[in-house]
Each structure stands twice: as C-alpha cells, then as structure tokens.
Trainee: 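Quick one: this structure, given as structure tokens, is what I'll be asking you about.
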Number of protein chains: 2
Amino acid sequence: MILISTRDRIVERADTLFYEGGFEATSFADIAEAVGISRGNFYHHFRTKDDILDAVIDRRLERTRGMLEGWQGEGANPRERILSFINMLIANRTKIMAFGCPVGTLCSELAKLDHAAHARATDILGLFRDWLTAQFRTLGAGDRSEPLALHLLSWSQGVAVMAAAFRDEAFIGNEVAGMEAWLVSLTENSFKTKEH
Amino acid sequence: MILISTRDRIVERADTLFYEGGFEATSFADIAEAVGISRGNFYHHFRTKDDILDAVIDRRLERTRGMLEGWQGEGANPRERILSFINMLIANRTKIMAFGCPVGTLCSELAKLDHAAHARATDILGLFRDWLTAQFRTLGAGDRSEPLALHLLSWSQGVAVMAAAFRDEAFIGNEVAGMEAWLVSLTENSFKTKEH
DNA sequence: GTCTATAGCCGGATAGAC
DNA sequence: GTCTATCCGGCTATAGAC
C-alpha cells in the first residue's frame with residue numbers, strides 16, 4: 001500500500017484544479033473538497049494560496065524534467081525524440097480541447113495577474129525550449145537550434161489555444177501532420193536552407 | 001465635442017480591464033473606478049457581470065469586423081492584406097508581451113470557467129479565420145484555404161502566448177519574418193505543393 | 001441617471017480544541 | 001494532523017433617495 005502525504009495530495013489536486021478551472025477561479029474550498037479535508041486543516045500545510053501555486057509549479061517542473069528524461073531515453077535519435085514532444089498534442093487532445101495547454105494557460109493567466117510566480121511558470125516552458133534546443137543541435141542545426149526550438153514550442157502553443165477555442169480535433173491532426181512534415185523537411189535539407 | 005454614453009464608456013473600460021487583468025479577476029469596483037462612476041450606478045446599465053462580458057464581446061466583434069474591412073480596403077492584393085494581419089503582432093507587441101492576445105487569452109479563460117460566452121468569444125477568432133480563408137482563396141489556395149487560414153491564425157496565437165511568457169521582442173520579430181517568408185513561399189509555389 | 005447605503009455571500013486566513 | 005468556529009474584507013447585487 002502506498003501512502004501519499006496530505007501535502008502531496010493537496011498539490012496534486014490543486015494542480016488539476018488550476019489547470020481545469022484556472023488559478024484565480026479555484027478557491028481553497030474547491031481544493032479542500034477535492035482532497036477531502038477541511039478548510040482549516042489547509043493552513044497546516046500551506047500558509048497562503050501563492051504557496052500552493054509555488055508547490056504546483058515545483059511539481060510541474062519536476063514532472064516535466066522526468067518526462068523529458070523519459071523521451072531522451074526512449075527516442076533512438078533526436079528526430080524521434082522531437083516526435084515524442086509533438087505527439088503530446090495527440091495524446092492529450094481531449095484535455096487540450098477542454099482547457100488548453102496547462103503551462104501556456106498558466107503563464108497567460110499569471111501575466112495578466114502580474115503575479116510574482118509568472119517567471120517560474122515560464123521556467124517550465126524554458127525546460128521544453130532547452131530540451132528541444134539540444135535535440136535540434138544534435139540534428140546539426142547549429143545556431144538555429146534555439147530559434148527552431150522556440151518555433152516548435154510556439155507552434156504547439158498556438159495549436160493548444162486554437163484547439164481550446166474551436167474544439168476541433170481534425171485541426172489538431174492537421175497541424176501535427178504539418179509539424180511532422182516540417183521536421184522531415186528540416187532533416188532532409190540538412191539545415192542548408194534558411195526557411196522552413 | 002463628442003459625447004460618449006456612460007454605457008459605452010463602461011464597455012470600453014471593461015474591455016481594457018478584461019484584457020489586461022482577465023475577466024474573472026476584474027471586479028465591478030475596478031470598472032466603476034476606471035469609468036469614474038459609483039458601483040450602484042453600474043446596475044442601471046448592466047444587470048450582471050456576464051452582461052458586461054456580452055457587451056465587450058459585441059464590441060470586439062464589431063471592431064474586428066471594422067479592422068478587417070479596413071485591411072480589405074487598404075491592401076492592393078490578398079498577400080498585402082494577409083501582411084496587415086501578420087503586422088498586428090509587431091504593431092501591438094508591447095501589449096502582447098504584457099498580456100498576450102486579447103482574443104486568445106479570453107477564449108482560454110472562458111474555456112476554463114466553462115462560461116456560456118465561450119462560443120461567442122471564439123466567434124471573434126472565427127472572423128479572422130473566415131477573412132483569412134477568403135484571402136487565401138483569392139490567392140488560389142482552393143480547398144487548402146481554410147487550413148492555411150487556421151494555420152496562420154494558430155501561428156499568431158502561439159507567438160502571442162510565447163511573447164507573454166518570455167517577454168522576448170526578438171522572438172516576435174523572428175516569427176513574423178518566418179510568417180512573411182512562409183507567405184512568399186506559398187505564393188511562389190502557386191499552391192502546387194502540399195507542405196509549407 | 002446618478003448617488004449612498006447596505007444586504008448577503010464567499011473569498012482567504014486565523015485561533016484553538018481535540 | 002485534523003477538526004470547528006470565526007474574523008475580516010471584497011465581491012455581486014439591490015433598495016431607495018435625489
């Protein structure tokens with residue numbers, strides 16, 4: 001039997017609720033109810049709502065690192081690893097069509113709230129950027145590695161926003177196919193051309 | 001002297017506040033203070049916060065139609081008109097880096113709130129989609145017109161999300177250059193290839 | 001049309017018993 | 001560690017005077 005600490009359960013449920021309902025709109029009562037504890041007990045684990053947000057971002061940073069390490073081990077080459085990234089859009093399409101990208105939407109919300117945690121939420125995107133940059137560098141993209149990484153990350157963010165707006169699954173499929181074709185064209189051209 | 005009704009001033013200020021602070025986080029008091037009226041007076045014009053949101057979306061729909069008509073008149077050809085769309089990212093870059101895209105972020109927020117106005121907010125994106133589709137069709141893109149329109153709209157949404165996260169102006173410039181090159185490659189190939 | 005005053009609720013946060 | 005009870009403030013919304 002696995003015992004999960006109340007603190008961890010709070011962070012786990014808060015993570016989900018922040019994703020599905022937004023940070024601002026999620027109340028202590030919502031989280032307490034989801035965890036199954038009283039509101040008062042809450043403050044034994046976290047002093048403020050911002051502390052929970054910090055813990056949620058920590059959790060996401062940790063899980064993102066784990067996921068990237070997993071892709072690193074599974075993929076035989078950088079192209080396959082990048083495909084693992086792209087495939088996230090397909091694997092998570094149902095939730096993305098309902099709530100968008102967990103990271104992108106959090107960054108957008110925290111930007112508007114002018115929240116101190118905005119920079120740390122952006123660090124999660126930074127993990128993807130750096131990992132993708134490393135993949136493109138291994139592919140031989142040289143100085144273009146980071147712009148290419150940012151472009152693909154940006155592309156996926158756009159697809160997530162549009163998917164949550166139009167709720168169009170076929171659109172996601174089209175764009176993912178476009179990403180894969182783009183990746184093929186990059187490797188075929190061996191990064192000799194400047195445009196994609 | 002131009003007289004603007006209190007109602008219009010409420011909608012105008014609410015539009016700005018919803019953009020810069022988010023719908024949920026903006027209170028009646030915030031709007032009343034921005035307009036310079038009392039909270040009580042508010043309910044003479046709008047019964048609920050959702051009514052204000054509806055009016056704000058109406059305003060955005062109207063202004064978007066006006067903007068698209070303007071581009072239609074200014075641009076000598078569809079390529080130039082599409083460039084007007086792309087140029088929005090440059091013209092509004094300061095606000096986009098601070099708050100993201102007004103439409104994309106509103107759709108994302110309303111999706112999480114499971115708000116009834118989500119579909120109408122998406123209609124604003126739909127105006128861009130349909131207008132861009134018409135431009136690509138005039139360019140001779142045929143059946144690919146709508147996918148191309150959705151792709152460009154999606155691309156711009158991704159850039160807005162990333163710009164608001166990383167606050168990187170150079171990134172916006174790179175992506176806009178990429179969009180322009182993509183548009184050139186499309187017209188040069190006269191839509192004979194399937195990939196971009 | 002605009003105001004003040006206020007109802008009623010819910011938010012985050014605290015104190016203290018067990 | 002968990003609970004109940006509670007405070008305070010801000011929120012939406014209403015009533016009614018001017």
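Residue numbers begin at 1 in each chain, while the letters A, B, ... track the order of the sequences. Below, each value reflects all heavy atoms present in this structure, side chains not excepted, and no hydrogens, waters or symmetry copies.
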Trainee: Whole angstrom is fine here: how far is it from CD in A/E24 over to C1' in C/dC10?
Mentor: 13 Å

Trainee: Where do B/T26 and B/K49 come nearest, in terms of heavy atoms and distance?
Mentor: O-NZ, 2.7 Å

Trainee: Looking only at side-chain atoms of B/H45, point me to the closest of C/dT2, D/dC11, C/dG11.
Mentor: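 Of the options given, the side chain of B/H45 lies nearest C/dT2.
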
Trainee: For B/F28, answer base if it contacts any base atom (sugar-phosphate contacts may also be present), sugar-phosphate if it contacts only those atoms, and nothing otherwise; contact means non-hydrogen atoms under 4.0 Å.
Mentor: sugar-phosphate

Trainee: May I have the distance from A/F46 (atom CZ) to C/dG12 (atom C1'), rounded to whole angstrom?
Mentor: 15 Å

Trainee: Taking atom P of C/dA5 as reference, at what distance in whole Å does atom CZ of B/F42 sit?
Mentor: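 My rounded result for the distance is 20 Å.
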
Trainee: In whole angstroms, how far is the C1' atom of C/dA13 from the CD1 atom of A/I52?
Mentor: 11 Å

Trainee: Please give, in whole Å, the distance from C/dG1 C1' to B/R39 CZ?
Mentor: 18 Å

Trainee: Within the structure shown, what part of the strands sits under 4.0 Å from B/S27 by heavy-atom distance: base, sugar-phosphate, or nothing?
Mentor: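 It contacts sugar-phosphate atoms only.
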
Trainee: Let me know the distance between CD of A/E33 and P of C/dG11, rounded to the nearest Å.
Mentor: 11 Å

Trainee: Would you mind classifying the nucleic acid contact of A/T26 as base, sugar-phosphate or nothing, using non-hydrogen atoms under 4.0 angstrom?
Mentor: sugar-phosphate

Trainee: Any side-chain N or O of B/T6 below 4.0 angstrom from OP1/OP2 of C/dT2?
Mentor: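 Indeed, a polar side-chain atom of B/T6 lies that close.
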
Trainee: What's the closest nucleotide to the B/Y43 side chain, out of D/dT12, C/dC3, C/dG11?
Mentor: D/dT12

Trainee: Counting only non-hydrogen atoms, which of residues 12-23 of chain A are less than 4.0 Å from DNA chain C?
Mentor: none

Trainee: Between B/R93 and B/E169 (salt bridge meaning N to carboxylate O under 4.0 Å), is one present in this structure?
Mentor: yes

Trainee: Would you call B/E146 and B/R137 a salt bridge, using N to O less than 4.0 angstrom?
Mentor: no

Trainee: So does A/H44 get a side-chain nitrogen or oxygen closer than 4.0 Å to the phosphate oxygens (OP1/OP2) of D/dG1?
Mentor: yes

Trainee: Would you mind reading off the distance between A/I37 atom CD1 and D/dC3 atom P, rounded to a whole angstrom?
Mentor: 7 Å

Trainee: Strictly under 6.0 Å, is that where the ring centroids of B/F28 and B/Y43 end up?
Mentor: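 Between B/Y43 and B/F28, which both carry aromatic rings, the centre distance is below 6.0 Å.
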
Trainee: Could you tell me whether B/E12 and B/R9 make a salt bridge, using a distance below 4.0 angstrom between a side-chain N and a carboxylate O?
Mentor: no

Trainee: Are A/H45 and A/D51 close enough that a side-chain donor and a side-chain acceptor fall under 3.5 Å?
Mentor: no

Trainee: Which residue lies toward the 5' end of DNA chain C, B/G40 or A/D30, if each is placed at its nearest nucleotide?
Mentor: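 The answer here is B/G40.
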
Trainee: Measuring to OP1 and OP2 of C/dG1, would you say a side-chain N or O of B/N41 lies under 4.0 angstrom away?
Mentor: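 False: B/N41 side-chain N/O out of range (4.0 Å or more) of C/dG1 OP1/OP2.
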
Trainee: Starting at CD1 of A/I31 and ending at C1' of C/dG12, how long is that distance when rounded to a whole Å?
Mentor: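 After rounding, the gap between these two atoms is 11 Å.
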
Trainee: I need the minimum non-hydrogen distance between A/F85 and A/L153, along with the two atoms involved.
Mentor: CZ-CD1, 3.9 Å

